[in-house]
Amino acid sequence: MGERTHWKQGQIYVRRRRIAVALAALLCLVLVTAAIGLWQTVKPDGATAQGLATFSPGAPTATAPHNTPSPKKVPQQGRSDQTRLQQIDRFTGGITPKSVDASGHGLVLANNMIYSHSITVYDSTTHKLVKRLSDAVDLSKFGFPKHKGISKGGPVEAAWTKDAKYAYVSNYVMSGPGFKGSAQDECSPKSGYDRGFVYRYNAERQDWDQAIEVGAVPKFVAITPDQKKVVISNWCDFTISIIDRAKAKEVKTIKLAAQPRGIVIMPDNKTAYVAAMYGNKVFRVNLDTGEHHVIMEVNRPRHLVLSPDSKTLYLAASGTNRVYKIDTSTDKVVSQVISGPEPRSMAISEDGTALYVVNYFGKSASKITTADMKVVQRVPTDPAPIGITYDDATHQVWVACYGGSMLIFDDTKSGDTEPGDTSSPTGPASGGASAPSSMPTATATAD
């Protein structure tokens, strides 16, 4: 009798256990279904369930193609030298932008401070985040077997191809398998730092699809007008690298001087100007032969911009607080203006009539009319403005502030200087690089 009772109790226990397991499984199914539904509601643009499930850090991913925005051309009230900047947006949120580059076709890419290890890509019209992408890659999957495993870079600068399908991004220093993993701005070829890498961002796939080895601590990136080559300034080995885009490989290096940075390339695809920031020189370089000569000596030349017709070169020199206008037919300075304390990066309007310059220690951005080299506007920014870009499609100026914010200014409306803006002393209208600045020169921080 006792054994039968125990047997019945055992059967009841088994049935209850089966019921409990079935209820638990049903509950899990409901929760998973609900979670998938919620994710579908809030997922970022271009993300797919398949892409999320199959992502492997460091490998080119198979995420669904992203439809690149195609903004309509925004009309402008006159030339850019007749319009005035008006701030229309500001955002933060886990960003530390060092540089920013508009594709002119609907996307804006920001490189966050190197230790943030990420880029962020935005819609140029809505200003909404399209993609946040880590710099973590497995270089062995890109043809570098000695670096098998996850490596990180530290994005610095970027350049878009003319068709806006790709952007090339420099990485300050690599860390991971086979790397020493450290570098500093105070360096030379004797420092023995690792060779660096440039990644290629694929706008359709929203992912890296190439990694290319270059020199030590690569910084600025420029693409030849014919789109066949990419030129990189290598900060710590005092060289520039020339990349053949078809081969996705460095094919030449040219030795210059201390800490090369800004680069522009002429329409002949072989003549480049390079600013060697701590060599205090600006070079004219033949990319085919490697021949080069100094066209100007000035304190800490950092950034270069060409006019749309390439007849004029503009130079921002952080050490003199000035922007210089140079005739490319003679390589002589024809005019100059004080921009503000520590001018860093520049951008130029699509029509070439206005320059936009960030003043790193001035918490400001200057608008300069190129015909007469006058500062017609100096707008306040957040601290440490360091990157700037002009979007041709929207006529908007994006300012990257190192402290963690992005500011966006509209430049389509004509008018006088806005209330609160400060007109700048213009300084001498012409003269050489040695002309004194009326502003104190601040000590530079890491570039």
Side-chain angles (χ1 to χ4, degrees), residues 58 60 111 114 135 137-148 151-162 165-181 183 187-202 208-266 268-276 283 285-292:
N111 290 306
I114 59 174
D135 65 4
V137 299
D138 184 344
L139 290 170
S140 69
K141 297 183 183 298
F142 293 99
F144 300 93
K146 69 178 182 178
H147 299 299
K148 184 176 178 59
S151 297
K152 291 186 176 183
V156 182
E157 299 276 2
W160 286 95
T161 55
K162 194 176 295 184
K165 291 182 178 180
Y166 306 101
Y168 289 84
V169 176
S170 60
N171 287 276
Y172 184 87
V173 61
M174 302 301 295
S175 60
F179 293 109
K180 298 172 185 174
C187 59
S188 75
K190 295 180 181 179
S191 301
Y193 293 146
D194 293 320
R195 284 170 59 79
F197 278 81
V198 170
Y199 297 168
R200 190 175 78 168
Y201 175 73
N202 184 313
W208 309 120
D209 68 358
Q210 286 182 0
I212 304 164
E213 191 173 36
V214 290
V217 187
K219 289 210 173 181
F220 201 77
V221 186
I223 301 175
T224 55
D226 64 6
Q227 304 293 285
K228 292 182 179 180
K229 294 181 175 64
V230 181
V231 182
I232 309 294
S233 56
N234 300 308
W235 184 261
C236 287
D237 62 12
F238 302 176
T239 67
I240 57 173
S241 292
I242 301 174
I243 295 169
D244 184 311
R245 286 193 62 210
K247 297 177 181 177
K249 185 178 181 180
E250 178 190 72
V251 293
K252 182 184 292 185
T253 61
I254 300 172
K255 185 74 172 287
L256 294 175
Q259 282 82 35
R261 206 179 196 294
I263 304 169
V264 293
I265 304 169
M266 296 289 280
D268 65 4
N269 300 300
K270 68 178 183 180
T271 304
Y273 291 91
V274 182
F283 289 89
V285 183
N286 185 314
L287 299 177
D288 289 346
T289 66
E291 295 175 331
H292 56 274

Suppose we screen for salt bridge (Lys or Arg N to Asp or Glu O under 4.0 Å). Which residues come up paired with R200, at least two apart in sequence or across chains? D209
Tell me, please, which residues at least two apart from Q259 pass side-chain hydrogen bond (donor to acceptor under 3.5 Å, both in side chains). none
Applying ring pair (Phe, Tyr, Trp, His ring centres under 6.0 Å), name anything that partners Y166, two or more places apart in sequence or on another chain. none
Taking side chain to side chain contact (heavy atoms under 4.5 Å, CB included) as the test, write out the residues that go with K229, two or more places apart. T224, I242
Sequence neighbours excluded, which residues qualify as side-chain hydrogen bond (donor to acceptor under 3.5 Å, both in side chains) partners of Y273? R284, D331
S188: side-chain hydrogen bond (donor to acceptor under 3.5 Å, both in side chains) partners, not counting sequence neighbours: none
Strictly by salt bridge (charged side-chain N to carboxylate O under 4.0 Å, His left out), give each pair with a member in residues 248-266 just once, sequence neighbours left out. E157-R261, R195-E250, R261-D447
Side chain to side chain contact (heavy atoms under 4.5 Å, CB included) with A158: which residues, sequence neighbours excluded? D101, L109, N111, V169
Apply ring pair (Phe, Tyr, Trp, His ring centres under 6.0 Å) to F238 and list each qualifying residue two or more places apart in sequence or on a separate chain. none
Identify, with sequence neighbours excluded, every residue that meets side chain to side chain contact (heavy atoms under 4.5 Å, CB included) alongside P177. S151
Who passes side-chain hydrogen bond (donor to acceptor under 3.5 Å, both in side chains) against N234, sequence neighbours left out? T239, S241
All side chain to side chain contact (heavy atoms under 4.5 Å, CB included) counterparts of I114, not counting sequence neighbours: V156, Y172
